[in-house]
K.L.:
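One structure follows; several queries about it will come next.
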Amino acid sequence: MKIGFGSDHAGYELKEILKEYLSEKGYDCVDYGTNSKERVDYPDYGKLVGEKVAQGEVDKGVLVCGTGVGISIAANKVKGIRACVCSEPYSAMMSVRHNKANIISVGARVVGEDLAKMIIDAFFSAEFEGGRHEKRVEKICSIED
Ligand code: RB5
């Protein structure tokens with residue numbers, strides 16, 4: 001699986017850690033920046049990763065900003081994106097099982113490194129359940145039209 005990463009300056013360090021973590025697990029990781037702690041605007045990176053996922057250039061995305069909120073809001077403006085901010089593994093798992101989330105977002109100022117890894121693990125080991133959830137996800141998609 002190919003995973004696109006994006007962060008702002010606040011999420012830069014955690015993004016690097018998570019990228020290395022998933023690379024070691026054998027995922028193909030593509031980094032769309034930012035590449036330093038120099039101040040940048042999180043919408044630029046949320047939009048970029050959202051577009052890469054929506055275009056199919058990568059299969060899923062990982063976003064990190066201070067709270068995980070701003071960058072996920074930006075990504076969710078891209079058609080076809082269901083980005084979820086998660087601060088614990090249960091929601092991360094359910095965001096895929098029920099909501100077919102295609103981007104996980106975490107807050108570097110909210111969760112520690114180990115918890116972030118658990119959240120990421122929960123997200124990437126989950127599978128969409130389909131069934132009754134399919135129609136609900138279709139309803140979400142129809143809002144975009
Ligand atoms: C940057 O200071 C901060 O606003 C940003 O990382 C994020 O938390 C926004 O949602």
Side-chain angles (χ1 to χ4, degrees), residues 1-129 133 136-145:
M1 187 192 292
K2 212 166 174 180
I3 304 172
F5 285 77
S7 76
D8 69 354
H9 53 287
Y12 166 68
E13 286 179 318
L14 183 57
K15 185 255 293 171
E16 293 297 305
I17 289 167
L18 296 177
K19 188 178 64 180
E20 191 185 329
Y21 180 63
L22 289 182
S23 294
E24 281 171 4
K25 283 178 175 260
Y27 290 95
D28 185 1
C29 297
V30 185
D31 191 345
Y32 295 108
T34 190
N35 298 312
S36 76
K37 287 162 85 175
E38 193 176 320
R39 199 164 290 161
V40 292
D41 297 329
Y42 59 80
D44 297 335
Y45 297 91
K47 177 176 184 276
L48 182 59
V49 173
E51 287 172 347
K52 297 299 182 187
V53 172
Q55 290 160 5
E57 206 165 297
V58 290
D59 301 302
K60 287 190 177 177
V62 174
L63 295 174
V64 192
C65 68
T67 57
V69 174
I71 202 161
S72 67
I73 291 175
N76 275 317
K77 298 293 180 189
V78 178
K79 188 175 161 71
I81 293 305
R82 291 172 300 281
C84 299
V85 192
C86 295
S87 300
E88 34 70 34
Y90 179 75
S91 300
M93 176 182 72
M94 297 310 289
S95 75
V96 176
R97 282 194 186 178
H98 286 191
N99 315 119
K100 209 175 184 178
N102 45 18
I103 293 183
I104 180 85
S105 183
V106 291
R109 294 172 179 163
V110 181
V111 299
E113 180 182 323
D114 287 354
L115 182 54
K117 287 176 181 172
M118 290 173 75
I119 292 165
I120 294 296
D121 281 340
F123 182 79
F124 285 104
S125 57
E127 283 181 23
F128 181 53
E129 287 177 8
H133 303 293
R136 294 166 184 163
V137 172
E138 280 167 16
K139 283 194 176 187
I140 293 174
C141 296
S142 73
I143 299 169
E144 296 172 333
D145 299 328

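Values reported hereafter were calculated over all heavy atoms of this structure, with side chains retained and with hydrogens, waters and symmetry mates removed. Values in this document were obtained by computation on a predicted structure and should not be read as measured data. Atoms within a ligand are numbered from 1 in the order they appear, just like the ligands themselves.
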K.L.:
Who's touching ligand 1 if we go heavy atoms under 4.0 Å?
P.N.:
Asp8, His9, Ala10, Tyr42, Cys65, Gly66, Thr67, Gly70, Arg109
K.L.:
Taking C-beta and beyond as the side chain, do Lys100 and His133 meet within less than 4.5 Å on heavy atoms?
P.N.:
no
K.L.:
Which pairs pass ring-ring contact (aromatic ring centres under 6.0 Å, His included) with one or both residues in residues 24-53, sequence neighbours excluded?
P.N.:
Tyr27-Phe124
K.L.:
Report, one line per pair, each donor and acceptor closer than 3.5 Å where one atom sits in a side chain of residues 68-79; sequence neighbours left out.
P.N.:
from	atom 1	to	atom 2	distance (Å)
Ser72	OG	Gly68	O	3.0
Ser72	OG	Val69	O	2.8
Asn76	OD1	Ala83	N	2.8
Asn76	ND2	Ser72	O	3.1
Asn76	ND2	Ala83	O	2.9
Lys79	NZ	Asp145	OD1	2.8

K.L.:
Taking atom CD as the centre, does Gln55 end up with more than 12 heavy-atom neighbours from other residues, nucleotides or ligands that are less than 6.0 angstrom away?
P.N.:
yes
K.L.:
Would you tabulate the side-chain donor-acceptor contacts of residues 110-121 under 3.5 Å, counting partners in other chains and residues two or more places apart, or write 'none'?
P.N.:
from	atom 1	to	atom 2	distance (Å)
Glu113	OE2	Lys117	NZ	3.2
Asp121	OD1	Tyr21	OH	3.2
Asp121	OD1	Lys25	NZ	3.4
Asp121	OD2	Tyr21	OH	2.6

K.L.:
Might you confirm whether atom CD of Glu13 has over 12 heavy atoms from other residues, nucleotides or ligands at distances under 6.0 Å?
P.N.:
no
